[in-house]
Amino acid sequence: LFISTPFVGFYLARRFSATVRSDGPVTYGRCYFFSLLTYCYATAILAITSYCYFRFIDHGHFIAYNLEILDRPDVKQLFASPDVQNQMGGLKIDDLKTALQSLTPISITASVINMSILAGLFLSIPTALFGTLDKRYKR
């Protein structure tokens with residue numbers, strides 16, 4: 001789904017450009033704004049579905065699976081290495097487990113929203129560029 005998102009955005013931008021265009025090409029700014037709104041609406045849909053999943057369907061399996069991964073010997077050995085300790089800034093694996101256990105469906109959904117909006121901001125740039133390209137009109 002994540003890989004197909006830009007292609008769906010490109011397709012929608014081209015359709016928008018073809019629909020709006022009457023006598024000339026659509027400007028980059030207008031196509032960027034359309035792409036940005038498209039990704040924002042997709043973020044809203046993703047937020048609703050992820051909240052419903054984590055609230056009503058998952059029942060803590062996602063967090064339990066990640067806690068199981070943190071209990072594996074190879075992961076404990078990785079966290080004990082000096083390089084990882086320097087990067088973690090003194091954070092212990094038990095602190096990470098506590099943080100994972102304190103996650104709620106709304107906090108997970110909030111992080112999904114943050115990542116999706118940031119990705120939408122960056123994906124709108126090539127999407128708008130692709131939407132404004134047309135061989136019929138010379139610039």
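Numbering starts at 1 and runs along the sequence shown. Both backbone and side-chain heavy atoms feed into the values below; hydrogens, waters and symmetry mates do not.
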For residues 122-129, which side-chain donor-acceptor pairs fall under 3.5 Å, sequence neighbours excluded?
unit_1	atom_1	unit_2	atom_2	d
S124	OG	L36	N	3.3
S124	OG	G120	O	2.6
T127	OG1	Y39	OH	3.0
T127	OG1	L123	O	2.6

Run the side-chain donor-acceptor check on residues 104-115: report pairs under 3.5 Å with partners two or more places apart or on a different chain.
unit_1	atom_1	unit_2	atom_2	d
T104	OG1	S107	N	3.3
T104	OG1	S107	OG	3.3
S107	OG	T104	N	2.9
S107	OG	T104	O	2.8
T109	OG1	P105	O	2.8
S111	OG	I108	O	2.7
N114	ND2	A110	O	3.4

Can you list every pair that meets ring-ring contact (aromatic ring centres under 6.0 Å, His included) and has a residue in residues 53-72, with sequence neighbours left out?
F54-F62
Any chain of hydrophobic side-chain contacts (each under 4.5 Å) joining L121 to Y41?
no
Same apolar cluster (I L V M F W Y, side chains within < 4.5 Å links), Y11/L37
no
Looking at [atom1] of [X] and [atom2] of [Y], how far apart are the two atoms once the value is rounded to the nearest 0.5 Å?
X: L96; Y: M88; atom1: CG; atom2: CE; value: 5.5 Å
X: T98; Y: K92; atom1: OG1; atom2: NZ; value: 13.5 Å
X: Y28; Y: F33; atom1: OH; atom2: CZ; value: 14.0 Å
X: I57; Y: S50; atom1: CD1; atom2: OG; value: 11.0 Å

Using side-chain heavy atoms (C-beta onward) and a distance below 4.5 Å, is L46 in contact with T43?
no
Heavy atoms, side chains only, cut-off 4.5 Å: are T38 and F34 in contact?
yes
Residue set satisfying ring-ring contact (aromatic ring centres under 6.0 Å, His included) with Y32, at least two apart, ordered chain then number -> none
Does F10 have any ring-ring contact (aromatic ring centres under 6.0 Å, His included) partners at least two apart in sequence or in another chain, and if so, which?
F130
Identify the two heavy atoms, one from A13 and one from S35, that lie closest to each other, and give their separation to 0.1 Å.
CB-OG, 4.3 Å
Has N66 got a side-chain atom pairing as donor or acceptor with I63's backbone, closer than 3.5 angstrom?
no
Checking R14 side chain against L133 main chain: does a donor-acceptor pair fall under 3.5 Å?
yes
Show the atom names and distances, to 0.1 Å, of all donor-acceptor pairs under 3.5 Å that link a side chain in residues 67-83 to residues at least two apart or in another chain.
unit_1	atom_1	unit_2	atom_2	d
D71	OD1	K97	NZ	2.3
R72	NE	D74	OD1	3.3
R72	NH2	D74	OD2	3.2
S81	OG	L78	O	2.8

Linking Ile, Leu, Val, Met, Phe, Trp and Tyr through side-chain heavy atoms less than 4.5 Å apart, which residues share a cluster with I45?
none
